[in-house]
Amino acid sequence: MKPELVYLTWVTLLTALLWLPYILDRLIVRGVPDTVGYPANPKPQSPWAQRLKAAHGNAVENLVVFAALVLVANALGISNGPIATAALVYFWARVVHVIAYTLAWPWVRTLAFAVGFAAQMAVAGQILAH
């Protein structure tokens, strides 16, 4: 399998699993009835869980862009070192982003986001240069 497709798979799995910790927190904080129900005044989740949920939303939004670019490159038969490197960088930038967001490391979070965006643009540049 092409490296960029491997990293797309890993990014997708990471994004798919991010909900688990904040739902476990919700179960602990609110209990089962309020977690599966619709309480009028739900107890707030732990701050780290609120941040992880926001990081998850950001990961989903950015997965759409990254996946589209990788799949377009794949459909066009473009697979090269710069795309593989960009995919690897994007994956690790997203790992750092979710950790930094959850642990409230603002500068690290922002830098990780910017690196991930640059990786997306690197893939786009390879497509447009083709």
Side-chain angles (χ1 to χ4, degrees):
M1 185 182 323
K2 296 174 185 172
E4 56 271 23
L5 294 176
V6 170
Y7 283 107
L8 174 56
T9 302
W10 281 112
V11 168
T12 303
L13 287 171
L14 172 66
T15 305
L17 296 173
L18 288 178
W19 65 275
L20 289 167
Y22 69 77
I23 293 302
L24 291 175
D25 178 76
R26 190 175 295 170
L27 283 165
I28 292 166
V29 169
R30 297 181 185 170
V32 173
D34 281 359
T35 296
V36 300
Y38 300 95
N41 297 306
K43 295 176 188 167
Q45 287 196 251
S46 303
W48 70 265
Q50 292 175 31
R51 291 189 301 269
L52 178 56
K53 186 175 182 194
H56 184 206
N58 184 272
V60 170
E61 292 167 357
N62 282 277
L63 177 60
V64 171
V65 176
F66 179 68
L69 290 168
V70 168
L71 294 174
V72 166
N74 187 62
L76 294 173
I78 308 168
S79 180
N80 56 30
I83 290 177
T85 301
L88 171 120
V89 168
Y90 182 81
F91 171 74
W92 287 109
R94 294 314 305 184
V95 169
V96 171
H97 182 266
V98 74
I99 292 168
Y101 209 143
T102 303
L103 298 178
W105 298 341
W107 287 99
V108 176
R109 180 197 79 199
T110 303
L111 181 60
F113 178 84
V115 168
F117 176 75
Q120 290 175 336
M121 294 303 100
V123 176
Q126 291 295 303
I127 292 167
L128 294 174
H130 182 67

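Reckoned from all heavy atoms, side chains included, excluding hydrogens, waters and symmetry mates.
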Original post:
Taking the six-membered ring for Trp, are Tyr7 and Phe91 parallel (under 30°), tilted (30 to 60°) or perpendicular (over 60°)?
Top reply: tilted
Original post:
How close do Asp34 and Pro39 get, heavy atom to heavy atom, and via which atoms?
Top reply: O-CD, 3.4 Å
Original post:
Which value, rounded to the nearest 0.5 Å, describes the distance between Leu52 atom CG and Leu24 atom CG?
Top reply: 10.5 Å
Subject >> Rounded distance (nearest 0.5 Å) linking atom NZ of Lys53 with atom CD1 of Ile23 >> reply: 7.0 Å
Original post:
Out of curiosity, Thr12 OG1 to Leu17 CG, how far, rounded to the nearest 0.5 Å?
Top reply: 10.5 Å
Original post:
Does Val60 share a hydrophobic cluster with Trp10, counting links as ILVMFWY side-chain heavy atoms below 4.5 Å and allowing steps through other members?
Top reply: no
Subject >> Shared hydrophobic cluster for Phe117 and Leu8 (ILVMFWY, side-chain gaps under 4.5 Å) >> reply: no
Original post:
How long is the gap from CD1 on Ile99 to CZ on Arg94, to the nearest 0.5 Å?
Top reply: 12.0 Å
Original post:
Just by modelled atom types, is the Gln50 backbone N or O under 3.5 Å from a matching donor or acceptor in the Gln45 side chain?
Top reply: no
**OP:** Identify the heavy atoms of Ala119 and Ala86 that sit nearest to each other, and give their distance.
**Re:** CB-O, 3.3 Å
Original post:
Where does the angle between the aromatic ring planes of His97 and Tyr101 fall among parallel (under 30°), tilted (30 to 60°) and perpendicular (over 60°)?
Top reply: perpendicular
Original post:
Is Val65 reachable from Ile78 through a run of hydrophobic residues whose side-chain heavy atoms are each under 4.5 Å from the next?
Top reply: yes
**OP:** Verify the neighbour count for atom CH2 of Trp92: are there more than 12 heavy atoms of other residues, nucleotides or ligands below 6.0 Å?
**Re:** no
Subject >> Validation row: Asn62, Phe113 side chains within 4.5 angstrom (heavy atoms) >> reply: yes
**OP:** Tell me whether Val29 is reachable from Trp48 by hopping between hydrophobic residues (I, L, V, M, F, W, Y) whose side-chain heavy atoms are closer than 4.5 Å.
**Re:** no
Original post:
Between Leu111 and Val96, is any pair of side-chain heavy atoms under 4.5 Å apart?
Top reply: no
Original post:
So, for Gln120 and Phe66, which heavy atoms are closest and what is the spacing to 0.1 Å?
Top reply: NE2-N, 3.7 Å
Original post:
Okay, side chain of Asp25, backbone of Ala49: is any donor-acceptor separation there less than 3.5 Å?
Top reply: no
**OP:** Kindly give the heavy-atom pair with the smallest separation between Glu4 and Val70, and that separation in Å.
**Re:** O-CG1, 3.8 Å
Original post:
So Val123 and Gln126, side chain to side chain contact (heavy atoms under 4.5 Å, CB included) or not? Walk me through it.
Top reply: CA-CA 5 Å; Val123 176; Gln126 291 295 303; 5.7 Å; no
Original post:
How far does OG1 of Thr15 sit from CG of Asn58, to the nearest 0.5 angstrom?
Top reply: 9.5 Å
Subject >> Shortest non-hydrogen contact between Lys2 and Ser79, atoms and distance >> reply: CD-OG, 3.7 Å
**OP:** Indicate yes or no: at least one non-hydrogen side-chain atom of Pro3 is less than 4.5 angstrom from one of Leu88.
**Re:** no
Subject >> ILVMFWY network linking Val72 to Tyr90, side-chain heavy atoms under 4.5 angstrom >> reply: no
Original post:
Rounded to the nearest 0.5 Å, what separation is found between the CG atom of Leu69 and the CD1 atom of Ile83?
Top reply: 9.5 Å
